[in-house]
Every structure is written in C-alpha cells, then in structure tokens.
Amino acid sequence: MKIGIIGLPGSGKSMVFEALTHTWEDPGHKSQDRIGTVSVPDERLNDLTGIFKPKKVVFAQVTYFLPQLGPHQQDRVYDQGIGNRIRDCDALIHVLRNFSFPGLPGPSPFEDFARLDQELTLNDLIVLENRINHLEADRKRGKKPDEEEPALLKACHRQLETGQPLRKAPELASHIRLRGYALLSAKPMLVVFNNGENDSESPALPPGSVFSEETLAIRGKIEQELAQMEETEARQFLSGFGILESAARRVIRRSYTLLGLISFFTVLSDEVRAWTLKKGGSALDAAGTIHTDMKKGFIRAEVIAHKDLMEAGSLPEARKRGTVRLEGKTYKVQDGDVIQIRFNV
Ligand SMILES: Nc1nc2c(ncn2[C@@H]2O[C@H](COP(=O)(O)OP(=O)(O)O)[C@@H](O)[C@H]2O)c(=O)[nH]1
Ligand SMILES: [Mg+2]
C-alpha cells in the first residue's frame, strides 16, 4: 500500500512524514521527493510469534511518499508534476496547518483544504477532457466507438463540475474502467489536522459550512520528535502529552479502514507473516496475494480465527477442539484469519 502526502507549503508535511516513517531529512536534499516504508504494527502477529517461535516475523508494509515542489515553485499550489507523481498512490493524506506560525496568518484549515482539493479536481478535469477529446477524434476518424467509456468519463466530468471530488461518488470512483486513469480526486483521502503542541482537538467547522472528509488530529511537531527515540522512551514521552497512541499507528489504522483492508496471517515452518487483503476478498484472493502458484493450484484453505488459536494455545489443540476449518475457494476471508493454503504445483 502506498500513501501520498499532500498539503500546502508550510502545513507540516515534512514533519508528518517524519512522524510516520521515523526518518530525518537530509539537510542537503531539502527539495527532493521522500519515500519511506514502515511495518504495520499488529499485536496479533506478536501473539502468533509467541505460539510458533518462528525464525522470522514479517509485518505488512505501508509506503509513504512525499513529493516536493521544486525550489522555484514555493508559492505555487499543486502543478501537473506533483499530480503525476502521486498518481500511483492508493490513498492520499492531506495535511492541514492548524497551528500558529510567526509571520503567517492564523490557521484556516478548512479554506486550505478547499484550495488544494480544488487542484486535484482541476487536475482530473484536464485528464478527463483530454481523453474525451481524444476518443471523439478517434470516432470522427472512423474508429469503432466504445459507448461505455465516453459515457463514464462524462459522468465523472459532470460530478467534478459541481465542485465535488470523485471520492464523493464511490460508484464512479471505484469503477474498474477508470482504474487506468488513476484520477486524483477519486483516491480515498485522510485529512490530517496538524495541530500545535498544546492542542489535541480537531478544529471546529466554521458555521454554515459543510465538510464531510475522514479526519484525524495529530500534533506533528511532538510526534516528529519521537523519530529518534526508542520505543519505551517514545511511549513515555507521548503519555507526558496525554497521547495514548502514536500518530504513526493511528494513521495506519485509519488508512486500513479507509481503504477497506483487512489482515490475514500465514505460518510457515520458520516464518510468521501478515498480509493485506481487500475486505470481502476470498480464500483464492488470499492465495493469490501470497503466490501465483498457490492461486493456480489451490485445493483448499485451512483456516482458524486468530482468537480461537490463541484460546487453544496451539494448532494441534485447536484441531482437537474443531476450531480449524477447511474452506474452499470462495470462502470470504475474515480480519485476523490464520490461513494455510493447500495447493498443487
Ligand atoms: N509551532 C509549530 N510549528 C510547526 C508545527 N508543525 C510544523 N511546524 C513548523 O512549520 C514549518 C513548516 O513545516 P514543514 O514540515 O516543513 O512543512 P511542509 O512545507 O508542509 O513540508 C516548519 O518551520 C515547522 O517547524 C507545530 O505543530 N507547531
Ligand atoms: Mg517540507
């Protein structure tokens, strides 16, 4: 899973990126794009490690990507260049300044949000118009018309012209024939209010305005300071500010919900591993996530809920209790399932 971080200059993107990835900026490369991959924390994986004592534990991974404006573009909002670089992200985090900064007017997160979100919408409009014109030109040149695609593109165009991003029209945003365009306003978005050090609340919505995004308030500057601490120290530091769970963890959890993702686990002789699957995915999808051979030669899946396995304390005991089930290709995988795929090669 790859998540792009966007926000106006000075909103605290770099800071949030560092809080999420526990990295520091190289001062010599201030205007370079940054990318960082982190393990998805999961207590259940630790539980399984306790039971199976594997040589290796592999967490699911999330990659954060922070595109930077070039030095000559500091006061421009988003250009086509950034738009193209975040195109392959599965979701976006939109960072909003919600702290006071010397020399800047007071924070206006909702206005800032609208300003940059509009850029995403505009970017999509340009992509759609180019494509619509292109198809129209093809048709005039006598190419066999495809009725579905132009209709779909026009439906998106209409949605955007009302000022609404495509993510507000889920049936359009998730349409399989739009996938190739990777439209920016169709991506799931998590809005992060970047608060000052002494403020834990999301800002109040100005009276009369509407705002229906998924939001999370964090204190970026505090959380960034964790980047170089070890875990116990970090936890103590956070609880000193009344923060029970780090921004890094909260953001990942919310991203999973936002993207409709679940986790399942595999236990091989020397490796316990977490995998990510779209909610509603089947045992066959799970097999395909692990290895194409497993999908091709799928026979059946041996499945146990994480909770049942923990209660039994071991797989043989769980088998005795009858909590290990045999499931076929179409079984709908549940969050926390521990799965063994039986397959032919
Ligand atoms: N006082 C205060 N300053 C912050 C906070 N978060 C970020 N800043 C400052 O805001 C400025 C812009 O942050 P930065 O992460 O570089 O923003 P970016 O341009 O979006 O990458 C920096 O000088 C930060 O030190 C905060 O929570 N409180
Ligand atoms: Mg920055």
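Fair warning: this is a prediction, and the values are worked out from it, not measured in the lab. Each ligand, and each atom within it, is numbered from 1 in the order the structure gives.
- Note on Asp33 versus Arg85: salt bridge recorded, some NZ/NE/NH1/NH2 to OD/OE distance being below 4.0 Å.
- Defined by atom type and a distance below 3.5 Å, a donor-acceptor pair is present between the side-chain atoms of Ser282 and Asp285.
- In this structure, atom 24 (C) of ligand 1 lies nearest to the protein heavy atom Met15 CE, 3.7 Å.
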Verdict with reasoning, Lys2 to Asp88, per salt bridge (charged side-chain N to carboxylate O under 4.0 Å, His left out): CA-CA 8 Å; Lys2 185 172 174 188; Asp88 70 340; 3.1 Å; yes

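- Among protein heavy atoms, atom 1 (N) of ligand 1 sits closest to Glu197 OE1, 3.8 Å.
- Around the Mg ion (ligand 2), the protein contributes the following N, O or S atoms under 2.8 Å, ordered by chain and number: Ser14 OG.
- Using a 4.0 Å cut-off between charged side-chain N and carboxylate O, Arg249 and Glu43 make a salt bridge.
- Counting heavy atoms under 4.0 Å from ligand 1, residue Asn194 touches it through the side chain alone.
- For the pair Leu172 and Leu178, the tightest heavy-atom approach, listed with the atom from each and the gap, is O-CD1, 3.2 Å.
- Residue, atom and distance of the protein heavy atom nearest to atom 3 (N) of ligand 1 are Phe99 CE1, 3.5 Å.
- At a 3.5 angstrom cut-off on N or O pairs, Gly12 counts as close to ligand 1.
- Comment: Arg158 does not engage Glu161 in a salt bridge, judged by the lack of any side-chain N to carboxylate O separation of less than 4.0 angstrom.
- Within the listing of ligand 1, atoms 27 (O) sit less than 4.0 angstrom from a heavy atom of Asn195.
- Not a single side-chain hydrogen bond (donor to acceptor under 3.5 Å, both in side chains) links Gln334 to another residue, sequence neighbours left out.
- Protein heavy atom in closest approach to atom 21 (O) of ligand 1: Ser14 OG, 2.8 Å.
- If you look at Leu8 next to ligand 1, the close heavy atoms, those under 4.0 Å, all belong to the backbone.
- For Lys296, the salt bridge (Lys or Arg N to Asp or Glu O under 4.0 Å) criterion is met by no residue, not counting sequence neighbours.
- Under 4.0 Å is where a charged nitrogen must lie from a carboxylate oxygen, and between Asp335 and Arg44 at least one such pair does.
- Under a 4.0 Å heavy-atom criterion, Leu66 is not in contact with ligand 1.
- Remark: ligand 1 and Gly10 share an N or O pair separated by less than 3.5 Å (distance only, no angle test).
- Only the backbone of Pro9 comes within contact range of ligand 1, with a heavy atom under 4.0 Å; no side-chain atom does.
- Thr37 places none of its side-chain heavy atoms less than 4.5 Å from the side chain of Val62.
- Side chains of Leu216 and Arg250 form a contact here, defined as non-hydrogen atoms less than 4.5 Å apart.
- For atom 20 (O) of ligand 1, the nearest non-hydrogen atom from the set Gln68, Arg219, Lys13, Arg34 comes from Lys13.
- Residues satisfying the side-chain hydrogen bond (donor to acceptor under 3.5 Å, both in side chains) criterion with Glu231, sequence neighbours excluded, are Arg235.
- Closest to atom 23 (O) of ligand 1 among all protein heavy atoms lies Phe101 CZ, 3.5 Å.
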